[in-house]
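For the numbers below, each heavy atom of this structure counts, side chains included, while hydrogens, waters and symmetry mates do not.
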Amino acid sequence: YELAGNEREGRGPVVVQIDDSDSMDGAPSTFAKAAALALADLALADRRACKLVRFSHRINAALDLRPGRDATAPLLTFLAGNVDGGTSFELPLRVAREAIDREACFERADVVLITDGEAELSPAFLADWRRRAQKDGLTTYAVHIGGAVPAVLTALTRDVIPLTSL
């Protein structure tokens with residue numbers, strides 16, 4: 001795999017959120033987990049902390065990875081989970097915010113949301129997310145798996161990477 005793009009600042013920690021809802025069943029789930037694995041591998045190779053969160057209508061699993069520790073077994077166990085239920089974006093984004101606020105190793109982390117975009121965010125949540133992102137220098141990316149990019153993702157971030165074929 002190879003990632004390319006414009007790098008804005010130095011490389012810091014990353015919080016990767018993987019949509020584990022029923023609508024992601026099959027190829028979308030496989031791709032989302034492969035993308036998360038690649039991001040975790042890149043982060044650890046660059047000696048950056050990485051938090052992975054699998055979510056649906058709840059937090060299905062979370063895994064903190066730190067450089068210098070063997071992550072193979074816990075990472076494979078984490079990624080082996082199955083899809084489950086509906087989707088809530090606010091819940092995993094709150095988990096990301098809590099990690100950034102409470103854990104020094106995730107300060108100024110980039111947040112990557114990997115999803116098919118089948119959920120909503122309240123206007124109040126979006127306004128708070130944007131305000132805090134600007135204040136704290138937080139960058140959010142969305143990797144959209146599927147057809148047309150839903151408005152909820154473009155409302156969350158201008159950095160949406162659409163993937164229309166798997």
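Listed by first and then second residue, the salt bridge (charged side-chain N to carboxylate O under 4.0 Å, His left out) pairs that reach into residues 141-151 come to none, sequence neighbours excluded. Within the structure, the salt bridge (charged side-chain N to carboxylate O under 4.0 Å, His left out) test picks out the following pairs touching residues 134-154 (sequence neighbours left out): Arg97-Asp136. Within the structure, every pair that satisfies the salt bridge (charged side-chain N to carboxylate O under 4.0 Å, His left out) test and touches residues 73-90, not counting sequence neighbours, is listed here: Arg58-Asp84, Glu90-Arg94. Pairs passing the side chain to side chain donor-acceptor pair (under 3.5 Å) check and including a residue from residues 23-32, sequence neighbours excluded, read Ser21-Ser23, Ser23-Asp116.
Residues Val152 and Ala119 share a closest heavy-atom pair of CG1-O, 3.5 Å. For the pair Ile114 and Ala36, the tightest heavy-atom approach, listed with the atom from each and the gap, is CD1-N, 3.9 Å. Listed here is the closest heavy atom pair of Met24 and Thr115: SD-C, 4.1 Å. The minimum heavy-atom distance between Phe106 and Ile100, with the atom names listed, is O-CG1, 3.5 Å. Residue Val149 comes nearest to Pro162 through the heavy atom pair CG2-CB, 3.7 Å, listed as atom of the first residue, atom of the second, then distance. Between Ile145 and Phe31, the closest heavy-atom pair is CD1-CD2, 3.7 Å.
Ile18 and Val14 fall within a single hydrophobic cluster, where Ile, Leu, Val, Met, Phe, Trp and Tyr are joined by side-chain heavy atoms under 4.5 Å apart, directly or via other members. Hydrophobic cluster membership is shared by Phe89 and Trp129, with clusters built from Ile, Leu, Val, Met, Phe, Trp and Tyr side chains linked at under 4.5 angstrom. Note on Val15: it does not cluster hydrophobically with Ile161, by side-chain heavy-atom contacts below 4.5 Å among ILVMFWY residues. Note on Val95 and Tyr141: separate hydrophobic clusters, where clusters join Ile, Leu, Val, Met, Phe, Trp and Tyr whose side-chain heavy atoms are under 4.5 Å apart, directly or indirectly.
Listed by chain and residue number, Leu153, Thr157, Val160 satisfy the side-chain contact (heavy atoms from CB on, under 4.5 Å) test with Ala142 (two or more places apart in sequence, or in another chain). The side chain to side chain donor-acceptor pair (under 3.5 Å) search around Arg130 returns none, not counting sequence neighbours. Among residues two or more places apart in sequence or in another chain, the side chain to side chain donor-acceptor pair (under 3.5 Å) test is passed with Asn82 by none. Arg102 is linked by a side chain to side chain donor-acceptor pair (under 3.5 Å) to nothing, counting only residues two or more places apart in sequence or in another chain. Applying the salt bridge (charged side-chain N to carboxylate O under 4.0 Å, His left out) criterion to Glu103, with sequence neighbours excluded, gives Arg66.
Interatomic distance, CG of Asp22 versus OG1 of Thr87, reported as 8.0 Å (0.5 Å rounding). Rounding to the nearest 0.5 Å places CG of Asp128 at 11.0 Å from CG of Leu93. Note that the CG atom of Asp19 and the NE2 atom of His144 stand 10.0 Å from one another [nearest 0.5 Å]. Note that CG of Leu65 is 4.0 Å distant from CG of Leu63, once rounded to the nearest 0.5 Å.
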Expected list for residues 43-54: side-chain donor-acceptor pairs under 3.5 angstrom, two or more places apart:
from: Asp46; atom 1: OD2; to: Arg11; atom 2: NH1; distance (Å): 2.5
from: Asp46; atom 1: OD2; to: Arg48; atom 2: NH2; distance (Å): 3.4
from: Arg48; atom 1: NH1; to: Gly12; atom 2: O; distance (Å): 3.2
from: Lys51; atom 1: NZ; to: Asp64; atom 2: OD1; distance (Å): 2.8
from: Arg54; atom 1: NE; to: Asp20; atom 2: OD2; distance (Å): 2.5
from: Arg54; atom 1: NH1; to: Phe78; atom 2: O; distance (Å): 2.9
from: Arg54; atom 1: NH2; to: Asp20; atom 2: OD2; distance (Å): 3.1

side-chain contact (heavy atoms from CB on, under 4.5 Å), that's the test. Do Ile59 and Leu91 meet it? Break it down for me. CA-CA 7 Å; Ile59 300 301; Leu91 191 59; 3.9 Å; yes

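Among Thr140, Leu156, Val143, the single residue meeting the side chain to side chain contact (heavy atoms under 4.5 Å, CB included) criterion with Leu113 is Leu156.
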